[in-house]
Amino acid sequence: MERLAATGDDGNPMSADLMWGFDEIGFNNLSGGATKVIGRTGKKQQYQQRGANREMTTVLVAICADGTTIPPALIFKGKGYSVTWNQNDPVNSMVGYSKKGWTDNEIGLEYAKHFERMTREKAKGRYRCLSVDSHASHVSRIFLQFCREHKIHVPCYVAHGTHIYQGLDVVCFSPLKTAFGQERDKHMRETGEQIKKDTFAMIYGRAHLRTMTPDLIKTAFRKTGLWPVDRNVVTEDMMAPSKATSTQVYTPAEPSTPVR
């Protein structure tokens with residue numbers, strides 16, 4: 001990354017507005033975690049009734065080191081596209097679908113085209129850098145070839161290291177999921193309706209706007225050492241293998257008398 005930052009723009013230094021990070025996150029009806037509510041005394045946990053739908057929707061998010069972002073991409077589970085999926089969307093998301101609601105090589109290529117189109121004006125003919133993980137759809141031949149043809153560098157995070165290097169994982173996705181849960185619950189209280197495909201873009205878009213602030217995005221790059229590039233941010237201890245915390249196997253106690 002140091003060499004890329006110093007010479008990546010055709011021999012010239014890269015600037016913050018050219019450095020991007022990209023990742024995906026899944027949402028369903030349970031996403032969002034616990035929230036504080038007023039309930040009966042003596043009861044530590046209160047439970048909220050939610051729909052039985054556990055269908056996963058994948059969201060592809062890209063952030064820039066200058067604190068900006070581009071419209072996300074929403075991948076729904078389905079066999080066809082519906083024009084109602086992106087109605088009332090405050091962030092004008094790119095919308096697609098797949099059999100299981102996950103990304104694949106074809107969707108990865110379409111997202112590369114989306115990224116290029118959304119960042120072209122800012123780049124002004126300069127090289128861009130889009131850091132990705134090693135998911136197959138992010139490093140497929142067609143994805144990398146398209147990026148190469150459009151002056152987009154694609155460095156890949158170290159395997160099993162996204163919890164350290166990926167700013168979206170480290171900083172952004174946790175508050176994003178919390179905000180999504182709050183917006184979903186607010187929608188249910190106000191309308192009495194569970195979240196569905198026709199309302200997902202609206203609910204997610206509100207959470208996205210609340211969460212993806214310039215300060216949070218810049219913090220994501222700074223805490224992972226990607227911008228400004230700082231190799232000292234990631235220490236040897238952070239990359240050390242996990243330590244064994246138990247070396248004994250516990251099995252159920254044998255009964256004192258034979259069981260027949």
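Just so you know, these numbers use all the heavy atoms, side chains as well, and skip hydrogens, waters and symmetry mates.
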Enquirer: Report the residues that fulfil ring pair (Phe, Tyr, Trp, His ring centres under 6.0 Å) with Phe221, sequence neighbours left out, ordered by chain and then residue number.
Expert: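 None.
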
Enquirer: Under the rule for ring pair (Phe, Tyr, Trp, His ring centres under 6.0 Å), what residues qualify as partners of Tyr111, not counting sequence neighbours?
Expert: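 With sequence neighbours excluded, Tyr111 shows a ring pair (Phe, Tyr, Trp, His ring centres under 6.0 Å) to Phe22, His114, given in chain and number order.
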
Enquirer: So, using side-chain hydrogen bond (donor to acceptor under 3.5 Å, both in side chains) as the criterion, who are the partners of Thr58 when residues are at least two apart?
Expert: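 side-chain hydrogen bond (donor to acceptor under 3.5 Å, both in side chains) check on Thr58 returns nothing, list empty.
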
Enquirer: Considering residues at least two apart in sequence or located in another chain, which fulfil the side-chain hydrogen bond (donor to acceptor under 3.5 Å, both in side chains) criterion with Ser15?
Expert: Asp17, Arg126

Enquirer: Show the atom names and distances, to 0.1 Å, of all donor-acceptor pairs under 3.5 Å that link a side chain in residues 73-82 to residues at least two apart or in another chain.
Expert:
unit_1, atom_1, unit_2, atom_2, d
Ser82, OG, Thr84, N, 3.3
Ser82, OG, Thr84, OG1, 2.8

Enquirer: Closer than 4.0 angstrom, basic N to acidic O: yes or no for Lys113 and Glu110?
Expert: yes

Enquirer: Is there any salt bridge (charged side-chain N to carboxylate O under 4.0 Å, His left out) pair reaching into residues 202-221, and which pairs are they, with sequence neighbours excluded?
Expert: Glu183-Arg210

Enquirer: Take atom NZ in Lys122; do more than 12 heavy atoms of anything else shown fall under 6.0 Å from it?
Expert: yes

Enquirer: Hydrophobic clusters join Ile, Leu, Val, Met, Phe, Trp and Tyr when side-chain heavy atoms are under 4.5 Å apart, directly or via other members; which others share one with Trp102?
Expert: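 Listed partners: none, Trp102 stands alone.
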
Enquirer: For Pro214, what residues pass the side chain to side chain contact (heavy atoms under 4.5 Å, CB included) criterion, not counting sequence neighbours?
Expert: none

Enquirer: For residues 142-167, which residue pairs qualify under salt bridge (charged side-chain N to carboxylate O under 4.0 Å, His left out), counting only residues two or more places apart or in two chains?
Expert: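 Every candidate salt bridge (charged side-chain N to carboxylate O under 4.0 Å, His left out) pair involving residues 142-167 fails, so no pair, neighbours aside, qualifies.
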
Enquirer: Suppose the criterion is ring pair (Phe, Tyr, Trp, His ring centres under 6.0 Å): which pairs have a residue in residues 222-242, not counting sequence neighbours?
Expert: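 Checked against ring pair (Phe, Tyr, Trp, His ring centres under 6.0 Å) - neighbours excluded - no pair reaches residues 222-242.
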
Enquirer: Which word best sums up how the rings of Tyr127 and His153 line up, parallel for under 30°, tilted for 30 to 60°, or perpendicular for over 60°?
Expert: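 Answer is parallel, since the angle falls under 30°.
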
Enquirer: Residues in ring pair (Phe, Tyr, Trp, His ring centres under 6.0 Å) with Tyr165, at least two apart?
Expert: none

Enquirer: Under the ring pair (Phe, Tyr, Trp, His ring centres under 6.0 Å) test, which residues partner Tyr157, sequence neighbours left out?
Expert: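 Scan of Tyr157 (ring pair (Phe, Tyr, Trp, His ring centres under 6.0 Å), adjacent residues dropped) gives none.
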
Enquirer: Do Ile63 and Met212 come close enough that some side-chain heavy atom pair is under 4.5 Å?
Expert: yes

Enquirer: Are Phe173 and Phe27 near enough that their ring centres are under 6.0 Å apart?
Expert: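 No - the distance between ring centres of Phe173 and Phe27 does not fall below the 6.0 Å cut-off.
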
